[in-house]
Amino acid sequence: MSPSHGHGFGKAILFGEHFVVHSLPAIVAALSHTGVVTVERITGHHELIDNCIRFPSVPKLTWDICHKPIERILKYLEITTPLKITLHGNLPIPHSGIGSSAAHMVGLSRALNKEFQLNLSEEQINQTAYQGEKEIHGNPSGIDNTAATYGGLFWFKKIKPENMTQPITTPKPIDIVLVETGKQTDTKTVIFAINKFITQNPKKTKPIFEIYKNVVSQAHQALKAGDLQLLGTLMNKNQKLLQELTISCPELDKVSSIAQNEGALGAKLTGTGRGGLAIALTPGKELQDKVSNALKKSGYAVLQTTIAQSPPPAPENFAALP
Ligand code: MEV
């Protein structure tokens, strides 16, 4: 029997990491880079092979590290067959920030859907992946798996019973640089710590939430109008709010300043925070190269990519991917 494949998109949060956990809106863009998962029936025990490309110093995944979210998904789908599960694709794995766990949870859900002919809808794929995400991150908002499933650029709000997603149309694709600080971070731990900080400091955090609401709604308008200068200024403002909430760290502040000093229109942490990745707004190949080169010269690993409103194409030939 031939193996089954599934993909999920990586993502970059432009506005609202952590605020989104507290039901404020966020803006997220799926990347054209995807995590791919291949499943094959075997006899004996489950096996996990990690063939992902990764930023330097990011360790390889093993069955021991990943078994809990995978087992949760298998249980959710009532699958008991032993499987060889291979993680691959062209999404480079950083310490955190690019939605790689969600991309692979969505990839796994799609691959299982094909292998066991489950006829899951796109939303059921999204919800299946969310089970794995809950195992990894504790109380995630669902933004990562939604971006990984549907792709594109959108406004997201965590609400019950169904999260709100609204596509955003921006006049042209936008070049960005993602930069890995090299500092390890863990989403579950950081979400927990920030929740505690917010609960213990309501006088400090309430006004920050109010300012953020204004920032994110202006950012929505700036994206729609293609006003990248304003968008960059708002990213810098969002970064200041993240600093005040103790979500940034010296490493993230440093890479953001390098990017800004080289002419990036805006720069901020993206994703988990307290390590992991930052994002710089660098419209035009020349500026994107300039910012990337300066960061590389300072010893950082970068990913140059573009965000766009339409869902990025799914990889056609999985076998050709690493
Ligand atoms: C992680 O990519 C984004 C966080 O806001 C967590 C979440 O929304 O689940 C930190």
Side-chain angles (χ1 to χ4, degrees), residues 8-31 33 35 55 58 69 72 91-106 126-127 129-151 153-160 162-165 176 178-181 183-198 205 208-209 212-213 215-216 219 235 238-239 241-249 252 268-279 303 305 307:
F9 300 111
K11 68 94 189 46
I13 294 182
L14 302 182
F15 291 87
E17 43 282 283
H18 291 278
F19 291 101
V20 70
V21 175
H22 300 272
S23 297
L24 267 65
I27 298 176
V28 63
L31 306 176
H33 297 77
F55 284 100
V58 180
R72 182 152 171 174
L91 178 71
I93 312 297
H95 284 297
S96 193
I98 213 172
S100 56
S101 69
H104 286 106
M105 291 297 112
V106 170
N126 190 21
Q127 289 309 321
Y130 185 60
Q131 299 304 314
E133 283 286 278
K134 276 203 283 196
E135 191 62 53
I136 303 169
H137 300 313
N139 177 29
S141 62
I143 192 170
D144 289 12
N145 46 284
T146 304
T149 305
Y150 293 104
L153 171 66
F154 58 92
W155 173 268
F156 178 93
K157 199 167 172 191
K158 178 187 167 189
I159 38 171
K160 282 190 173 138
E162 250 176 50
N163 293 334
M164 182 191 131
T165 58
I176 57 167
L178 292 164
V179 48
E180 160 73 67
T181 56
K183 185 176 179 206
Q184 205 158 343
T185 181
D186 172 61
T187 308
K188 194 174 191 166
T189 315
V190 181
I191 290 181
F192 183 79
I194 300 308
N195 284 351
K196 198 167 157 198
F197 180 80
I198 289 168
T205 55
I208 297 176
F209 274 50
Y212 170 73
K213 280 189 206 163
V215 166
V216 72
M235 283 170 75
N238 191 167
Q239 171 65 4
L241 301 178
L242 291 163
Q243 284 167 344
E244 288 177 42
L245 289 175
T246 74
I247 302 169
S248 197
C249 61
L252 282 163
K268 61 179 273 294
L269 69 88
T270 185
T272 305
R274 294 195 175 177
L277 287 182
I279 177 175
L303 175 68
T305 188
I307 53 175

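Counting starts at 1 for both ligands and their atoms, in listed order.
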Can you produce the list of protein nitrogen or oxygen atoms under 3.5 Å from a nitrogen or oxygen of ligand 1, alongside each distance?
| residue | atom | partner | partner atom | Å |
| --- | --- | --- | --- | --- |
| ligand 1 | 2 (O) | K11 | NZ | 3.1 |
| ligand 1 | 2 (O) | D144 | OD1 | 3.1 |
| ligand 1 | 2 (O) | D144 | OD2 | 3.0 |
| ligand 1 | 5 (O) | H18 | N | 2.9 |
| ligand 1 | 8 (O) | S141 | OG | 2.6 |
| ligand 1 | 9 (O) | S141 | N | 2.8 |
| ligand 1 | 9 (O) | S141 | OG | 3.4 |

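- When all heavy atoms of K158 and V20 are compared, the pair lying nearest together is CB-O, 3.8 Å.
- T272 meets the side-chain hydrogen bond (donor to acceptor under 3.5 Å, both in side chains) test with S96, T187; sequence neighbours excluded.
- A donor-acceptor contact shorter than 3.5 Å links the side chain of Y130 to the backbone of P140.
- Take E135 and apply the side-chain hydrogen bond (donor to acceptor under 3.5 Å, both in side chains) test, not counting sequence neighbours, and it matches R72.
- Taking the ring-ring contact (aromatic ring centres under 6.0 Å, His included) definition, one finds that F209 meets it with F19, H22, sequence neighbours left out.
- Using a 4.5 Å heavy-atom cutoff, the side chains of L24 and V216 are not in contact.
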